[in-house]
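Here's the structure we're looking at; comments come further down.
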Amino acid sequence: MVAKKQVNVDVLVVGGGFGGVYAVWRLRAEGFKIHLFEGTHRLGGVWSNNTYPGARVDSEFPFYQLSIPEVYKTWIWKERFPDWQELQAYFDHVDKFLDVSKDATYNALVDNATFNTEIGRWTVHTEQGHVATCKQLLLCTGSTYKQSVPNWEGLDQYTGKLIHSSKWPKGGMSAHGKRVAIIGSGSTAIQIVQELSKEAKELVTLIRTPNIALPMKQRKLSWEEQDSFKGFLNGMLKTAARSSYGGYPYNPTPAPSPRQLSVEDREKFFEEQYQRGGFNFGVGNFIAMLFDRTDNRIIYDYWVKKTRARMQDPVKRDILAPLEPPNHFMAKRCSLEQDYYEMCDKDHVRVVDLKVTPIDSFTTEGLRVGGEDIPVDIIVLATGFDNYTGAFSTMGLEGTDGKGLMERWKDGVQTHLGLTAPHHPNMWMVYGPQAPTALGNGPTIVEVQVDVIVDMIKKARDENIKYLDATPEAAQAWADDIAATSKTTLLEDANSWYMGANIPGKKREMLNYLKGLVQYEKSCRDAIPNWDGFVVEKETRVQRS
Ligand code: NA7
């Protein structure tokens with residue numbers, strides 16, 4: 001095929017979400033020649049794909065934004081938790097001020113990449129016929145690119161509308177007067193159920209594991225209050241967020257464990273956090289919840305008391321907020337909701353417990369569940385993603401030993417610092433596996449990673465390095481450290497996507513770095529001076545400037 005477009009750059013960035021945009025901004029400032037390939041028609045990352053009704057971010061103002069002064073000084077948010085339309089508008093604003101598009105090709109999905117060790121360069125192809133060569137390949141492809149669709153019997157027989165949450169029809173789709181079924185109960189399903197239950201004639205929500213959803217406490221933001229924040233934003237985004245566990249600088253709890261307080265005092269604390277909304281009751285809760293079953297249960301029991309009181313229907317109450325926890329509190333990602341429980345309590349909403357009545361099959365008319373036929377006009381699959389590694393599995397990333405990245409990872413992910421992988425020299429990953437990816441605020445985490453990567457690439461340029469290749473020993477040590485930390489936590493017990501346990505056949509292993517952002521950045525920066533864990537191949541050819 002004749003190349004549609006050929007670019008030859010220092011750094012090719014793949015993916016135009018928060019990570020890709022921040023990388024373009026940083027790399028340009030350091031004088032690198034760059035280009036960006038983005039699979040969709042626009043910037044926005046997850047907010048280009050997730051346009052289902054009610055889609056909004058669970059990270060709260062002011063932390064879910066880039067710490068780029070020319071962007072934050074000129075942007076005003078509307079809501080504490082912005083929705084997808086506002087986030088798309090934010091990315092348009094980012095582009096207006098940074099002109100990322102000047103160096104971007106849209107509708108360019110990478111499907112093959114090979115590295116030539118002789119010349120120290122990647123050649124990257126897209127499905128659409130673009131070709132790029134680059135010295136450094138920076139993958140900012142996020143953790144929720146590849147959808148997960150379980151292989152139900154009869155899936156292709158269904159004649160109604162079948163939609164995965166991240167492929168919502170362009171221009172929207174009305175559920176007015178329709179019968180709708182939603183499979184799943186992750187953060188996506190919670191948002192869809194909450195929204196479509198206000199439109200649909202009948203709504204069936206099919207739940208295998210109930211979500212421990214926390215009150216969002218959404219509110220409008222005024223121009224005045226935001227303007228008063230502007231003078232502090234640099235400190236909040238660059239210092240406070242980055243020195244916290246995952247990008248949310250919550251106040252310290254009154255003690256590490258709730259049992260160190262009287263029942264009265266801890267309930268006062270719980271109530272404050274619960275009423276404050278967002279992840280205050282989750283991430284901002286006692287750290288002991290991650291390690292100790294009794295402490296974890298105390299927190300769950302408070303949540304269950306509050307949540308059950310919001311529903312009248314005793315059966316729905318037992319499915320959605322069971323007295324026995326479905327998993328340890330925070331071991332699966334909590335969602336944020338506004339009136340989810342009240343909506344589920346309505347008569348036109350049916351809540352199906354898939355543990356009692358599993359999905360037998362899809363039918364032409366709808367679903368067969370526990371032997372009962374449920375006819376519906378629309379079925380929404382809110383069944384999640386092949387998180388962390390899914391995007392890489394579609395890009396044909398060939399290693400220097402001829403093995404693909406996913407082939408190499410079939411028995412377990414191997415990265416050095418959650419940044420790069422052996423046999424894939426000069427290839428860098430942002431918001432991927434074995435990094436502090438999913439336990440905090442996305443923009444903070446990607447900025448820390450991109451800053452580290454840019455410093456590495458700069459140093460490599462200064463030292464005339466042809467390529468840096470992580471050693472298998474360093475990658476093994478990083479994987480061992482993540483596994484050892486994970487074993488001390490209660491996160492290990494849940495069948496979560498943190499553990500790769502949502503995808504049949506995927507190795508069960510902790511895919512998140514758990515020691516927090518500060519320790520993560522320190523580990524990365526400690527490796528830079530002596531290139532710890534890397535094979536360093538120097539350039540021998542004479543450089544022409
Ligand atoms: P999630 O959080 O992975 O949720 C997927 C949901 O789909 C979850 O409730 C699953 O139940 C359910 N699921 C998956 N497969 C099945 C089958 N076979 N049968 C029944 N139910 C099933 O995806 P989201 O889109 O909600 O969230 C994505 C997150 O990624 C989001 O929070 C962002 O932070 C990043 P299970 O819990 O496994 O029983």
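Counting from 1, the numbers follow the sequence of the chain as shown. Computed from heavy atoms alone, side chains included, the values below leave out hydrogens, waters and symmetry copies. Both counts, for ligands and for their atoms, begin at 1 and track the order of listing.
- Scanning N387, V57, T188, T383 for the heavy atom closest to atom 24 (P) of ligand 1 points to T188.
- Of all atoms in ligand 1, listed by their number and element, those nearer than 4.0 Å to a heavy atom of K332 are 36 (P), 37 (O), 38 (O), 39 (O).
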**Q.** Derivation of the salt bridge (charged side-chain N to carboxylate O under 4.0 Å, His left out) call for E372 and R350
**A.** CA-CA 14 Å; E372 178 195 347; R350 177 173 174 189; 2.8 Å; yes

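- The two residues G370 and D360 come nearest to each other via the heavy atoms N-OD2, 3.3 Å.
- Counting only heavy atoms of the protein, atom 4 (O) of ligand 1 lies nearest to G186 CA, 3.6 Å.
- Looking at R297 and E324, a side-chain N of the basic residue comes within less than 4.0 Å of a carboxylate O on the acidic one, giving a salt bridge.
- Proximity of S165 to ligand 1 is not established, as no heavy-atom distance is less than 4.0 Å.
- The aromatic ring centroids of Y145 and F385 lie 6.0 Å or more from each other.
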Q.
For a side chain to side chain donor-acceptor pair (under 3.5 Å) check, start with the C-alpha distance between N441 and S59, then their side-chain angles and the critical distance, and finish with the verdict.
A. CA-CA 6 Å; N441 181 40; S59 282; 3.0 Å; yes

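- Of the listed options P326, G384, P358, G384 places a heavy atom closest to atom 23 (O) of ligand 1.
- Counting only heavy atoms of the protein, atom 1 (P) of ligand 1 lies nearest to W497 NE1, 3.7 Å.
- For atom 19 (N) of ligand 1, the nearest non-hydrogen atom from the set W152, F385, Y52 belongs to W152.
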Q: Please report the C-alpha distance between D411 and K507 in whole Å, then the side-chain angles of each, then the deciding distance to 0.1 Å, and finally whether the salt bridge (charged side-chain N to carboxylate O under 4.0 Å, His left out) criterion is met.
A: CA-CA 6 Å; D411 298 323; K507 187 184 171 196; over 6 Å; no

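- Shortest contact from atom 32 (O) of ligand 1 to any protein heavy atom: S187 OG, 2.7 Å.
- Comparing S496, G184, P504, A382 against atom 5 (C) of ligand 1, the shortest heavy-atom distance belongs to A382.
- Between D377 and K201 there is no salt bridge, since no side-chain nitrogen of the basic residue lies less than 4.0 Å from a carboxylate oxygen of the acidic one.
- Closest to atom 33 (C) of ligand 1 among all protein heavy atoms lies R333 NE, 3.9 Å.
- For ligand 1 and T144, the ligand atoms under 4.0 Å from any heavy atom of the residue are 30 (O), 35 (C).
- Ranking protein heavy atoms by distance to atom 39 (O) of ligand 1, first place goes to T209 OG1, 2.5 Å.
- In S185, the parts holding a heavy atom less than 4.0 Å from any atom of ligand 1 are both the side chain and the backbone.
- Counted by atom type alone, K506 and T389 present one or more donor-acceptor pairs between their side chains at under 3.5 Å.
- Note that the CZ atom of R310 and the CG atom of D345 stand 10.5 Å from one another [nearest 0.5 Å].
- Counting only non-hydrogen atoms, the option in Q191, R208, H164 that gets closest to atom 11 (O) of ligand 1 is R208.
- Distance alone, capped at 3.5 Å, is enough to place a donor-acceptor pair between the K316 side chain and the V349 backbone.
- For ligand 1, the atoms sitting less than 4.0 Å from at least one non-hydrogen atom of L354 are 20 (C), numbered in the order shown with element in parentheses.
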